[in-house]
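Take a look at the structure set out below.
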Amino acid sequence: MPTSVVTGGAGFLGSHLCDHLLEDGHRVICVDNLETGSLENIAHLRSDAFVFLNHDVTEPIRLDEDVDFVFHLAALASPVDYMRMPLASLKVGSYGTHHALGLAKWKRARFLISSTSEVYGDPQVHPQPETYWGNVNPIGPRGVYDEAKRYAEALTMTYHHQQGVDTAIARIFNTYGPRMRRNDGRASVNFIHQALEGKPLTVYGDGSQTRSLCYVDDLIRGLHLLATSDEHLPVNLGNPDHEVTMLELAQTVIKVTGSTSEIVFEALPTDDPQVRRPDITRARQVLGWQPEVDLEEGLARWLSTLGREPVRS
Ligand code: UDP
């Protein structure tokens, strides 16, 4: 039975990854300080093969047992969270990644870091291939997340080249689905709950900025495939088929929820990327991976988990 450590394992993606690994026969050690993760996300995991450690990864991670995989997902991934806790964001990306890499090196484990499309910043190349170096403002409000992840990638590649650690880098694009925190602040979760509560949907700016939305199950499948491959270079994981403007996303959510909410426009945050869509050629070639769940279907599945009946077209 392989043993996997999942940092950020009580978070949105982390908890889905724990589910997936347990189903695949892994023993899972979930490490989380519950800053943005929650015990609710892992409450259903009552197997002997699952262990929860309440630990902050900015402190060294010491484990007695053998470890085969380290999935380093701990991060303050939502703009609302990393702008509220900017130093914590820099620390988890730097010290946290250092400690997770140290654990992988000590245990001779395969290491996978959840990097982000944010390394491309406000991209001037569209869609974004892994070879694009990005357009990031290091001292802007998003810099505390973007630069932490860019540093984490540099650290990961250095541990690979210089220390021989078996590493993988997933550049994750916008992902949505069950267990996103109600107050996480991201567009998909805000819109879903605003629509369900009959409140106005808050579109920032004129809503012409785009994001490409990937359903969580597709993303988790991609992470697992990457972890079990022998790829060391960054791989984009996201859904290029569903690049939508934020106004279109709001309209789709209203349709799928059958809501009577209206749309209101609010100020656009500083340095908000105008466009974002992954080029997933590498993921297709190296992993044979591509997303399968389309946007309306994904939103419908999410709604079902909230006890609501989706309106299907
Ligand atoms: N956004 C919005 N309304 C909201 C929350 C976010 O219009 O209630 C916009 C935000 O300005 C950005 C896009 O939606 O252009 C995606 O934001 P999100 O926080 O989901 O993630 P990001 O891709 O910016 O990290």
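What you see is a predicted model, and the numbers here were worked out from it, not measured in a lab. When a ligand or atom number is given, it counts from 1 through the structure's own listing order.
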Name the orientation class of the two ring planes belonging to Phe69 and His26 (parallel below 30°, tilted from 30 to 60°, perpendicular beyond 60°). tilted
Compare all side-chain heavy atoms of Lys255 with those of Val311 and state whether any distance is below 4.5 angstrom. no
Atom CG in Leu226, atom OG in Ser114: separation rounded to 0.5 Å? 11.0 Å
Can you tell me if Tyr132 uses its side chain to pair, donor with acceptor, with the backbone of Gln124 under 3.5 Å? yes
Ring-plane angle category for His98 and Tyr159, please: parallel below 30°, perpendicular beyond 60°, tilted otherwise. perpendicular
Can you list every ring pair (Phe, Tyr, Trp, His ring centres under 6.0 Å) pair that touches residues 136-157, not counting sequence neighbours? Tyr82-Tyr145
Ordered by chain then number, the protein residues lying under 4.0 Å from ligand 1 by heavy atom are Pro79, Glu118, Arg142, Asn174, Gly185, Arg186, Ala187, Asn190, Phe191, Thr202, Val203, Tyr204, Gln209, Arg211, Met246, Pro269, Asp272, Arg276
